[in-house]
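Residue indices begin at 1 and follow the sequence shown.
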Amino acid sequence: MVETTESTASPEARIRTSGDSEVAAYLEIAEGREPAHVLTPAPNAPETIVVLDYGSQFSMLITRRIREAGVYSELVPWDTPPERLSHLRVKGFVLSGGPASVYEEGAPHLPPWVLTEGLPVLGICYGMQLLAYSLGGKVAPTGTREYGHAVVNLSERGNALLEGLPAAMPVWMSHGDHVIEMPPGWRSIGQSETSPVSIMTDGAGRLGIQFHPEVVHTPQGDQLIKNFAFNVAGCRGDWTASNFVAESIATIRQQVGDGKVICALSGGVDSAVAARLVHAAVGDQLTCIFVDNGLLRLGEADQVVATFREHLAIPLRHVDATDRFLEQLAEVTNPETKRKRIGETFIRLFEDETRSLGQVDFLVQGTTYPDVIESASTGNNAAAKIKSHHNVGGLPKDMRLTLVEPLRNLFKDEVRRAGKELGLPDEMVYRQPFPGPGLAIRVIGEVTREKLGILQRADRIVMDEIASAGMYYDLWQSFAVLTDTKSVGVQGDFRTYGHTIALRCVAAEDAMTADWARLPYDLLATISTRITNEVREVNRVVYDITSKPPGTIEWE
């Protein structure tokens with residue numbers, strides 16, 4: 001998880017400041033001779049801290065921590081034009097960490113307009129080095145990468161960023177460069193044994209920290225982030241589920257107008273909350289369509305229909321499209337191709353369904369923020385695309401319906417809070433996430449009816465036993481994967497050559513990171529015994545003990 005890379009330049013070349021003209025431009029801004037402001041606060045928009053993404057694996061976590069403090073935050077690529085932020089009321093900026101070195105050719109840089117706004121700026125790791133380098137300081141390799149626990153001693157107790165923090169603050173470091181000379185007018189207010197400039201400030205709302213406050217390994221990191229949002233940026237903390245619901249209803253009404261809307265229901269919390277939110281906004285202009293794509297868990301289609309008709313007074317159509325989806329997945333083994341074909345088939349099916357409804361203009365989807373971020377690929381390559389989600393990366397370019405995605409900027413816990421605010425029952429709100437492509441990405445290799453049947457029966461056993469053990473709501477997800485591995489076994493005194501099922505159970509807050517669940521051995525034994533006894537095609541069960549990162553939660 002170290003965030004810097006080795007440079008091939010000589011040490012003398014690496015210990016240098018940025019070009020004279022660039023330094024002059026930044027210094028002019030820093031000294032107050034500023035160009036005109038380019039950001040116009042959007043009326044009625046929530047107060048926002050914008051996180052500029054320089055490629056750190058923790059960038060999304062910074063955004064989440066700010067929101068947990070009650071302040072809205074959005075993560076955007078570092079080279080985002082300021083006009084793309086016109087929908088926000090920006091109160092400050094955070095510059096994330098990243099894998100580059102600021103002195104290397106082609107490294108992501110600091111957009112000058114971030115400083116012209118005169119708003120508070122907090123640089124984290126690479127972001128701190130970028131502030132120093134851009135304003136005339138010096139950044140150099142440490143010689144030895146610093147990764148892991150450290151202690152930062154605070155030397156200025158009156159600073160607003162440091163309020164309530166211990167004099168000796170345990171932190172998490174992850175860097176291979178450090179600031180060896182601060183810019184003119186800056187001072188160090190925190191030092192560690194190996195980083196004399198661990199916290200720096202210009203005294204005017206611009207600050208840099210060498211460590212990562214967003215990770216759990218920095219115990220007081222949440223307090224530091226709150227201090228920046230409230231004490232430095234002056235935010236009020238008005239980001240709440242009730243405010244989001246009220247603002248979203250108004251936004252949806254404005255977007256939809258008198259148009260007709262259909263919603264793709266999956267049975268999961270995301271689509272349920274999205275449907276309830278849109279229905280609250282436009283009423284009977286909305287029709288929900290639940291598609292049984294044949295990729296659901298055993299008995300799930302009937303359960304979903306019954307649940308939604310009981311709790312949501314919204315017109316619901318149930319479409320069995322199993323054959324159509326399996327035809328599209330025939331002989332497909334590539335996970336990305338599976339996702340894209342499923343996404344396109346969904347859209348084509350909904351377009352077909354709209355013909356019987358007359359003119360339909362909008363399609364509601366339960367896309368969430370992690371879906372968007374994991375599917376995104378920034379043009380500067382500071383952050384890498386992980387995988388496309390069918391809600392995001394699998395949509396056909398010639399789609400005739402306009403998307404309504406009211407949850408697009410929410411994390412899963414925020415979706416659940418919105419669901420409770422909207423009055424949805426707990427069995428909907430706290431249901432474990434289920435992927436949009438369904439079991440297609442839990443069947444490794446080609447998806448067939450036979451394989452789906454094997455996986456459905458094994459997965460039912462997993463869910464039954466997890467629920468019986470009282471652990472269903474303690475886990476983020478728990479499920480079975482039908483691997484593409486077969487092995488020799490012995491069942492009933494006969495040699496078998498059967499399938500291998502992998503169990504995947506993880507704990508997480510938002511799925512951007514996850515840890516494998518330490519299930520009791522007896523529970524694992526019960527699940528394994530039941531699967532190999534009751535699903536005759538399976539003769540081996542293994543348990544996946546990979547966290548995210550390096551793995552993803554789903555296998556495909």
Side-chain angles (χ1 to χ4, degrees), residues 268 294-300 303 326 329 332-335 338 387 431-508 511 513-556:
L295 306 173
L296 301 175
R297 289 172 287 207
L298 195 64
E300 189 166 27
Q303 179 187 1
L326 291 183
L329 292 173
V332 175
T333 59
N334 182 277
K338 288 181 184 179
K387 61 187 177 183
R431 183 175 185 249
Q432 288 186 4
F434 187 65
L439 299 182
I441 56 171
R442 295 179 182 173
V443 172
I444 309 304
E446 183 182 5
V447 179
T448 65
R449 289 180 190 273
E450 179 190 9
K451 287 184 178 180
L452 283 171
I454 294 170
L455 180 56
Q456 286 173 331
R457 284 177 283 142
D459 191 75
R460 167 61 67 85
I461 292 169
V462 175
M463 300 306 294
D464 285 349
E465 292 301 330
I466 292 293
S468 295
M471 300 186 68
Y472 180 84
Y473 294 113
D474 296 331
L475 300 174
W476 178 264
Q477 280 176 277
S478 49
F479 56 89
V481 176
L482 180 62
T483 73
D484 56 355
T485 298
K486 299 185 77 173
S487 64
V488 173
V490 178
Q491 291 172 295
D493 295 329
F494 291 96
R495 177 189 182 278
T496 61
Y497 190 60
H499 292 276
T500 299
I501 286 286
L503 305 182
R504 183 71 163 142
C505 300
V506 298
T513 61
D515 192 18
W516 63 277
R518 275 64 170 176
L519 298 186
Y521 288 163
D522 288 347
L523 176 58
L524 289 172
T526 298
I527 292 172
S528 176
T529 299
R530 282 198 60 192
I531 290 175
T532 53
N533 283 346
E534 297 174 30
V535 186
R536 62 178 180 79
E537 298 92 341
V538 176
N539 66 1
R540 192 173 300 272
V541 177
V542 298
Y543 190 46
D544 183 350
I545 59 170
T546 311
S547 295
K548 176 186 180 181
T552 56
I553 295 177
E554 299 291 345
W555 276 39
E556 289 193 339

### Query
Looking only at heavy atoms, what is the nearest atom pair of I531 and A458, with distance?
CD1-O, 4.1 Å

### Query
Counting distance only, does the side-chain N/O of R540 pair as donor-acceptor with the main-chain N or O of T500 below 3.5 Å?
no

## Note on the structure
When rounded to the nearest 0.5 Å, the distance separating CG of L329 from NZ of K338 is 7.5 Å

### Query
Are the side chain of Y472 and the backbone N or O of Q432 linked by a donor-acceptor pair below 3.5 Å?
yes

#### Entry: Close side-chain approach of P520 to M471, heavy-atom, < 4.5 Å
yes

### Message
Looking only at the side chains, is there a donor atom on one of T532 and N539 sitting less than 3.5 Å from an acceptor on the other?
### Response
no

### Message
Main chain of T546, side chain of R504: is a donor-acceptor contact present, judged purely on distance under 3.5 Å?
### Response
yes

### Query
Any side-chain heavy atom of I553 within less than 4.5 Å of one from F479?
yes

### Query
Do L475 and V506 have side-chain heavy atoms sitting under 4.5 Å apart?
no

### Task
State the CD1-CG distance between I527 and D522, to the nearest 0.5 angstrom.
11.5 Å

### Message
To the nearest 0.5 Å, what is the distance between CG on L439 and NZ on K451?
### Response
13.0 Å

### Atom pair CD1/CD1 of I461 and I501 - distance to nearest 0.5 Å
9.0 Å

### Query
Is there side-chain contact between T485 and H499, with at least one heavy-atom pair below 4.5 Å?
no

#### Entry: Residue of the set E537, E450, E534 for which salt bridge (Lys or Arg N to Asp or Glu O under 4.0 Å) holds with R457
E537

#### Entry: L519 side chain near Y543 side chain, heavy-atom distance below 4.5 Å
yes

### Task
Kindly say whether A508 contributes a backbone atom to a donor-acceptor pair with the side chain of W476 at under 3.5 angstrom?
no

### Query
Any ion pair linking R530 and E465 (charged N to carboxylate O, less than 4.0 Å)?
yes

### Task
Please tell me if the side chains of L503 and V541 come closer than 4.5 Å, counting only heavy atoms from C-beta onward.
yes

### Task
Could you tell me whether the side chain of I444 reaches within less than 4.5 Å of the side chain of L482, counting heavy atoms only?
no

### Query
Got a second to check how far D464's CG is from T526's OG1, nearest 0.5 Å?
12.5 Å

### Query
Does a side-chain heavy-atom distance below 4.5 Å link L452 with R449?
no

### Task
Output yes when a side-chain donor or acceptor of S547 lies under 3.5 Å from a complementary backbone atom of P549, and no otherwise.
no

### Query
Any idea which heavy atoms bring R442 and P435 closest together, and the distance?
NH2-CD, 3.2 Å

### Summary
Minimal heavy-atom distance between A480 and V462, with the atoms involved, is CB-CG2, 4.1 Å

